[in-house]
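First the structure, in the form of structure tokens, and then the observations on it.
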Amino acid sequence: MSYDIDNIRDEFPILQRKVGDRQLVYLDNTATSQTPHRVVEEVVAGYEHTKANVHRGVHTISQEATDLMEHTRRRVQGWINARSFEEIIFTRGTTESINLVASSFGQRFREGDEVILTVMEHHANIVPWQLLRQRTGIVLKVVGINDRGELDLDQYRSLFSPRTVMASFTHISNVLGTVNPVKEMTAFAHSRGVPVLVDGAQAIPHLRPDMQDIDCDFYVFSSHKMYGPTGVGVLYGRKELLESMPPYQGGGEMIKHVSFEHTTFADLPFKFEAGTPDYVGLRAYAGAFDFIERVGIESIHEHEKALLDYTTPRLLEIPGLKIYGSQPQKAAVISFNIGDAHNYDVGFLLDKLGVAVRTGHHCAQPLMERLGIPGTVRASFAAYNTFEEADALIAAIKRVVPMLM
């Protein structure tokens, strides 16, 4: 079946807007993807027709809202091949999911225990472990990369010791597009008796992670990077580990019984879902899975790869342009700089030509230090991007180069 790009783009009204007098070319998908009209309709329907707090009411609207939210939980479970719906915890995003694990699972760590990270991590997978280090005195060890932007797997293996208690690493780099061998990395960690957290925020829009295949202990991601609503995230965790962990927050919904003498907590997954969730966003999140399944995750991946393969060599023809990250199977992310031009200046001028890209350190400052730069310009593709938009990016860069060099 052919890839019907026109039909796909019709589902995203924002792609029809203009920036100034220029047609928008949206290439900031790694930061957040756009949302199809069907998902927006679900948000509207949630507020207009089924707004009632979930899990707490016997009346019809509350039960309907609860069923819609729990339907999404089952969709997530099926999408990532989790064994049980109890292993799917809803959060506000990837960042909160990692903080939950570091704060709750991390309570068992002691001074001198070691957590292994990598230099390509997003700040969200660095700072929570640093906060834990301040509280407990754990030691952080960091895996480096080679000049292609690939992890040094020999170093990764060498960092394990009898004091290693956790390995936490990204599935796909948000800067380099590097796809890490998370299955093999997890298997090695498990051979040493070490649990693993995988940050799947950048992987979830491009592939379908299988928890039984990867076999990690925790996997985290966000809705807004895969065509869904903002403020909705997922923590997958092995049931036996989640059951052994203390609650992350206290309050309504996550309790069985409260007295001033003693409190008992709800069963999974509600034990980690204190307070009123974004049940409207969670209801709409199911629409993002509908969109991806309708287009086909394999088709999306092939389309994005074709855009990457088309754009990369054409950008490299531009004098002074350098791309960071050259793994052969990288995701559809192109981080680059042009000579000594500041990335903010490049991004500002591209915006004046209607091309939306991301600039800066991309919440990956340790990686920028490793690369010896303050930041990059980053263009990233999604299901709805076209080869004409790739040409627009190339033409816009060629136009701004004389202004900056």
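Here, residue 1 is the first one in the sequence, and each next residue gets the next number. Computed from a prediction, not measured in an experiment: that's the story for all the values here.
Without hydrogens or angle criteria, Thr178 side chain to Gly149 main chain gives a donor-acceptor distance under 3.5 Å. Side-chain atoms of Asp217 do not come within 3.5 Å of backbone N or O of Leu197 as any donor-acceptor pair. At least one donor-acceptor pair closer than 3.5 Å links the side chain of His303 to the backbone N or O of Asn385. Side chain of Thr32 to main chain of His224: a donor-acceptor pair is present (N/O by atom type, distance under 3.5 Å, no hydrogens or angles). Between the side chain of Asn337 and the backbone N or O of Gly375 there is at least one donor-acceptor pair closer than 3.5 Å. With Gln23 contributing its side chain and Arg17 its backbone, the two residues share a donor-acceptor pair below 3.5 Å. Side chain of Thr72 to backbone of Leu282: a donor-acceptor contact under 3.5 angstrom is found. Within the 3.5 Å criterion, the main-chain N or O of Leu15 finds no donor-acceptor partner in the side chain of Tyr384. Proximity of a side-chain donor or acceptor of Gln327 to a complementary backbone N or O of Val179 within less than 3.5 Å is detected. Judged by distance alone, the side chain of Arg110 and the main-chain N or O of Gln107 form a donor-acceptor pair under 3.5 Å.
In summary, the side chains of Thr276 and Asn53 do present a donor paired with an acceptor at a separation below 3.5 Å, with no hydrogens or angles considered. Defined by atom type and a distance below 3.5 Å, a donor-acceptor pair is missing between the side-chain atoms of Gln155 and Ser158. Side-chain atoms of Arg358 and Thr30 form no donor-acceptor pair, as typed in the model, at a separation below 3.5 Å. His362 and Thr376 share a donor-acceptor pair across their side chains, judged by distance under 3.5 Å alone. With no hydrogens or angles considered, a side-chain donor-acceptor pair links Arg108 and Ser244 at under 3.5 Å.
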Begin with the C-alpha distance, continue with both residues' side-chain angles, and end with the deciding distance and a verdict on side chain to side chain contact (heavy atoms under 4.5 Å, CB included) for Asp278 and Phe90. CA-CA 9 Å; Asp278 184 2; Phe90 288 136; over 6 Å; no
Arg75 vs Asp290, salt bridge (Lys or Arg N to Asp or Glu O under 4.0 Å): CA-CA, chis, key distance, verdict: CA-CA 9 Å; Arg75 291 296 300 275; Asp290 292 340; 2.7 Å; yes
Please walk me through it: do Arg157 and Asp152 pass salt bridge (Lys or Arg N to Asp or Glu O under 4.0 Å)? CA-CA 9 Å; Arg157 290 185 284 267; Asp152 184 340; over 6 Å; no
Mind running salt bridge (Lys or Arg N to Asp or Glu O under 4.0 Å) on Glu114 and Arg163 for me, showing each step along the way? CA-CA 6 Å; Glu114 299 166 355; Arg163 295 302 304 269; over 6 Å; no
Quick one, Ile80 with Phe221, criterion side chain to side chain contact (heavy atoms under 4.5 Å, CB included). Give me CA distance, side-chain angles, the key distance, then yes/no. CA-CA 11 Å; Ile80 66 172; Phe221 54 94; 4.1 Å; yes
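Looking at heavy atoms from C-beta onward, Ile126 lies in side-chain contact with Pro366 at the 4.5 angstrom threshold. Counting only heavy atoms from C-beta outward, the side chains of Arg238 and Pro195 never approach each other to under 4.5 Å. For the pair Asn174/Val333, no side-chain contact is recorded, criterion being any heavy-atom separation below 4.5 Å from C-beta on. Glu150 places a side-chain heavy atom less than 4.5 Å from the side chain of Pro328. Taking 4.5 Å as the limit, every side-chain heavy atom of Pro13 sits out of range of all side-chain heavy atoms of Val40. Looking at Asp213 and Lys183, their side chains come closer than 4.5 Å, going by heavy atoms from C-beta outward. In this structure the side chain of Ile88 never reaches within 4.5 angstrom of the side chain of Pro269, judged on heavy atoms. Side-chain atoms of Leu100 and Met245, non-hydrogen and from C-beta on, do get closer than 4.5 Å to each other.
A salt bridge links Asp147 with Arg370: at least one charged nitrogen is closer than 4.0 Å to a carboxylate oxygen. Using a cut-off of 4.0 Å between Lys/Arg side-chain N and Asp/Glu carboxylate O, Asp351 and Arg22 are scored as not salt-bridged.
Residues Phe348 and Tyr344 place their aromatic rings such that the two centres sit no closer than 6.0 Å. Two rings, from Phe12 and Tyr26, have their centers 6.0 Å or more apart. The six-membered or imidazole ring of His123 lies near that of His361, with a centre-to-centre distance under 6.0 Å.
Under the side-chain contact (heavy atoms from CB on, under 4.5 Å) criterion, Ile323 pairs with Thr312, Leu315, Leu316, Leu321, Lys330, Ile334, Phe336, not counting sequence neighbours.
Counting heavy atoms of neighbouring residues, nucleotides and ligands inside a 6.0 Å radius, atom CG of Asn146 exceeds 12 of them. Shown here is Arg83, whose CZ atom has no more than 12 heavy atoms of other residues, nucleotides or ligands within 6.0 Å. Other residues, nucleotides and ligands contribute more than 12 heavy atoms inside 6.0 Å of the NZ atom of Lys141. Open room surrounds CD on Gln329; 12 or fewer heavy atoms of other groups in view lie less than 6.0 Å from it. Arg9 CZ: more than 12 foreign heavy atoms inside a 6.0 Å radius. Summarising the local packing, CD of Gln212 is surrounded by more than 12 heavy atoms from other residues, nucleotides or ligands at distances under 6.0 Å.
When all heavy atoms are compared, the tightest approach of Leu307 to Ala382 is CD1-O, 4.4 Å. Shown here for Met226 and Tyr285, the closest heavy-atom pair between the two residues is SD-OH, 3.1 Å.
The distance from the OG1 atom of Thr94 to the CG atom of Asn99 is 11.0 Å, given to the nearest 0.5 Å. Between atom OG1 of residue Thr164 and atom CD1 of residue Ile138 there is a gap of 11.5 Å, rounded to the nearest 0.5 Å. Distance check, rounded to the nearest 0.5 Å: NZ of Lys352 to CZ of Arg399 gives 13.0 Å. Expressed to the nearest 0.5 Å, how far CZ of Phe169 lies from CD1 of Ile116 amounts to 9.5 Å. Once rounded to the nearest 0.5 Å, the distance linking CD1 of Ile394 with CD of Glu389 reads 12.0 Å. With rounding to the nearest 0.5 angstrom, the CG atom of Leu151 is 4.0 Å from the CE atom of Met120.
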Identify all side-chain donor-acceptor contacts of residues 63-70 below 3.5 Å with residues at least two apart in sequence or on another chain.
residue : atom : partner : partner atom : Å
Gln63   : NE2  : Val58   : O            : 3.0
Thr66   : OG1  : His55   : N            : 2.8
Thr66   : OG1  : Ser62   : O            : 2.9
Glu70   : OE1  : Arg73   : NE           : 2.7
Glu70   : OE2  : His55   : NE2          : 3.0
Glu70   : OE2  : Arg73   : NH2          : 2.9

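The aromatic rings of Phe109 and Phe105 sit perpendicular to each other, their planes meeting at more than 60°, with 30° as the lower class boundary.
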